[in-house]
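Inspection log for the structure reproduced underneath, given as structure tokens.
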Amino acid sequence: MPSSDKTPFSRRALLAGAAGLAATSVGVASWQQLRQPKARVLQARCDSYDANLVGILLEGMAAFPAMLAKARGGHVVLKPNLVEVHPDRPINTDPRFIAAAAAAFLEVGAARVTVAEGAGHTRDAEFLLERTGLDELLRPMGVPFVDLNLDEAVDVRPPANLTRLGKLPVARTVMSADLLVSMPKLKTHHWAGVTLSMKNLFGTVPGHVFGWPKNPLHWAGIPNSITDLWSAIRPSFAIVDGIVGMEGDGPIMGTAVPMGVLLMGEDLPALDAQATRLMKLRPEGVEYLRQALELGATVSKHRIELLGDVITPRPFDVIESFHRLRA
Amino acid sequence: MSALQRARAFLRRSRLPTGGWPYVAGGPAQPEATVLAAAAGPEAEWLDSAWLSGNEQAWSTFLLPAVAWGRDPALCAPALDRIEAFRSSPVEGLVGFDATLPGWSWVSGTAAWIQPTAFAMLSLRRVGRSPERIEQGVAMIADRQCADGGWNYGNPEVLGAQLAAHIDSTGWALLALPPREELRPVIERGLAFMTTALTMPSTMGLALGALSHLAHGQDPSPFLGGLAERVGDEGVRSRVDLTALAAAALSATEEGWNAFL
């Protein structure tokens, strides 16, 4: 028997098989996309923190009536990303952006607005409040700041338990809000690739339980912790401060990028996926977004309806270990 | 009424009827806030032994013997046993510092960090136990000093980039380090960093600045004016922990009673 006859598949059969596999693969990919719920993300151009931020936010928020219904007459908790104070680096959600969001939620009828954060790197929240200027902006508005690091802890049980910690402590102020709004900065991150509305939830874990920084979350895996916190807390809304973002060695030591955008939406994974695309990075390569996708979240651009302004993506630099995220 | 009197009046009012102190007036009692309240003065009223004996939390009660040994040694015994038995988890492969040096952690099964290590060292030094563990803590803290002279929460750098120090970690590290000749360069650089609290003040920075300078025989007075101004009728921002730290610093300088020495 010629040796070629021993080959179990002819070339033609191999080609046919390859075509079939490709079709199956496309089918699986399409099915994976189709099973992702449709999501909406609003982008708004805004080049300066001195712009009419309240007006821009109100206009954008009007596209989300279900969120507004929760805000009206309710207690809105704004959870910005406050990390450390280095005046030359845009590390934190800008205080003017936070104050504008507080004013916007009061304007739409929130009974109470609280700004709350449990900074991972700074125990001295008084210093953080005073040096960022946030204290000066919130006081005249009568908007209180709650240090979530010192807040009473409530145990939550993430459904997938990726951290294998079983339960996670989350601040009571967060869990008792009628509307929790995650307000991250648009940044790259040296451990997670990007840090956006889902990673921002690390700050909901009280430091008095997990310490500074929240080291048990690192030991349990940062993507695991992000996904578990998101799936257990399920914030109803997020607004990303991308007016000036950070690239490179974020979340602290990176470089400013004037991106001139703010994003908002009710679906946090979809919002983070779109924000990642604006940084010309691939959300499918971000581990925590892959995990969220497995839990039924929306990441595919084909399932995300973009509202508002058309924003041209701009490549954000990432550290070498995340070069694979480059689109 | 002096700032120290205002601080103590607020602390008296914010003590919970069920025992213990909250971080923020009106909140639930918390171990660290209740331990720090014991630093507000030498009198028995500041040490809530009954509440603390039923509400032990590892890292914050690492500090308990440091502030309570003279008043209630029996209360401190379980905390001392826990301090001596505690082992942090080493981390291999990090560069720029030795993450295998043992210290104390916020949560068991994780790495050593500056503040829990400092709490444990202060307690062991106060009671005079486990000198070898104190030396391990000294080695760990000295190894973690940042390029700017202070201390970050645990590491002086990450992925090859130097981290900036924080005033609170630096203050606790300085309080924990024994005032010994061979440590003088480390301590002097740390004390110099603490003076940043004079230009970028906060209650933690000013209180720990005064206390750390006192601990190493330096003049604490530059820190005191700004600190006193921060204590109002509702303490410092209705915060028990900050008000108790302020009271500890003011008591040490005005009355000569130092909770941490």
Side-chain angles (χ1 to χ4, degrees), chain A residues 83-89 91 119-132 135 139 144-154 165 169 171-173 189-191 205-220 248-254 319-322, chain B residues 22-24 27-33 57-60 88-89 91 104-116 152-155 157-172 196-197 200-208 230 236-242 245:
Chain A
V83 189
E84 290 187 12
V85 183
H86 296 279
D88 53 333
R89 286 181 243 152
I91 294 169
H121 293 195
T122 308
R123 278 212 73 173
D124 195 349
E126 184 192 40
F127 178 80
L128 199 54
L129 274 177
E130 291 182 11
R131 298 303 297 179
T132 58
D135 199 37
R139 272 181 191 266
F145 175 86
V146 170
D147 184 352
L148 298 178
N149 279 325
L150 309 181
D151 209 24
E152 186 180 357
V154 177
L165 295 172
R172 183 174 289 285
T173 298
H189 191 282
H190 58 210
W191 298 125
V205 174
H208 72 84
V209 183
F210 270 8
W212 288 262
K214 293 148 193 190
N215 200 213
L217 298 179
H218 302 148
W219 283 69
D249 192 3
I252 300 168
M253 290 169 288
I319 64 167
E320 192 175 349
S321 56
F322 285 103
Chain B
Y23 277 117
V24 183
Q30 297 286 357
E32 188 194 21
Q57 180 200 34
W59 71 265
S60 52
S88 59
S89 298
V91 182
W104 285 263
S105 318
W106 301 97
V107 176
S108 64
T110 59
W113 297 87
I114 294 296
Q115 190 174 331
N152 197 283
Y153 283 85
N155 40 330
E157 61 178 72
V158 63
L159 298 174
Q162 290 181 344
L163 291 172
H166 288 270
I167 205 82
D168 50 319
S169 297
T170 304
W172 287 113
T196 59
M200 293 187 286
S202 69
T203 307
M204 269 189 202
L206 293 168
L208 290 170
R230 285 179 173 262
V236 180
R237 293 175 176 264
S238 300
R239 288 266 300 269
V240 165
D241 56 334
L242 296 181
L245 262 183

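This one's a predicted model, so the numbers in the text were calculated from it and none came from an experiment.
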Using non-hydrogen atoms and a 4.5 Å limit, figure out which bit of A/V146 sits close to chain B: side chain, backbone, both or neither.
-> neither

Report the distance from atom CG of A/D147 to atom CZ of B/R239, rounding to the nearest 0.5 Å.
-> 5.5 Å

A/N215 versus B/W106, side-chain donor and acceptor atoms under 3.5 Å = no

Side chain / backbone / both / neither for A/H218 at chain B, heavy atoms under 4.5 Å | neither

Report yes or no: do A/E126 and B/T203 form a side-chain donor-acceptor pair below 3.5 Å?
-> yes

Decide side chain to side chain contact (heavy atoms under 4.5 Å, CB included) for B/L163 and A/M253; before the verdict, give the C-alpha distance in whole Å, the side-chain angles of both, and the deciding distance to 0.1 Å.
-> CA-CA 9 Å; B/L163 291 172; A/M253 290 169 288; 3.8 Å; yes

If one checks every heavy atom of A/S321 against chain B at 4.5 Å, the contacting part turns out to be neither

Does atom CD of B/Q162 have more than 12 heavy-atom neighbours, drawn from other residues, nucleotides or ligands, at distances under 6.0 Å?
-> no

Do B/R237 and A/D135 sit within salt-bridge range, that is, some charged N less than 4.0 Å from a carboxylate O?
-> yes

Go through A/L150 and B/Q30 one step at a time and tell me if the side chain to side chain contact (heavy atoms under 4.5 Å, CB included) criterion holds.
-> CA-CA 9 Å; A/L150 309 181; B/Q30 297 286 357; over 6 Å; no

With A/D124 via salt bridge (Lys or Arg N to Asp or Glu O under 4.0 Å) - residues at least two apart | none

Residue set satisfying ring-ring contact (aromatic ring centres under 6.0 Å, His included) with B/Y153, at least two apart, ordered chain then number -> B/H166

Shortest non-hydrogen contact between B/M204 and A/R123, atoms and distance | CE-O, 3.8 Å

Let me see the working for B/L159 and A/W191 under side chain to side chain contact (heavy atoms under 4.5 Å, CB included), right down to the final yes or no.
-> CA-CA 10 Å; B/L159 298 174; A/W191 298 125; 3.8 Å; yes

Should the pair B/W59 and A/W212 be assigned to parallel (<30°), tilted (30 to 60°) or perpendicular (>60°) ring geometry?
-> perpendicular

Is it the side chain or the backbone of B/I114 that comes within 4.5 Å of chain A heavy atoms, both, or neither?
-> neither

Closest heavy-atom contact between A/F127 and B/S202?
-> CB-CB, 3.9 Å

Would you name the heavy atoms of B/Q57 and A/V209 that are closest together and state the gap between them?
-> NE2-CA, 4.4 Å

In Å and rounded to the nearest 0.5 Å, what is the CD to NE2 distance from B/E32 to A/H208?
-> 9.5 Å

Count the heavy-atom pairs under 4.5 Å between each of B/G205, B/A164, B/S60, B/A111 and chain A, then report the option with the highest count.
-> B/A111

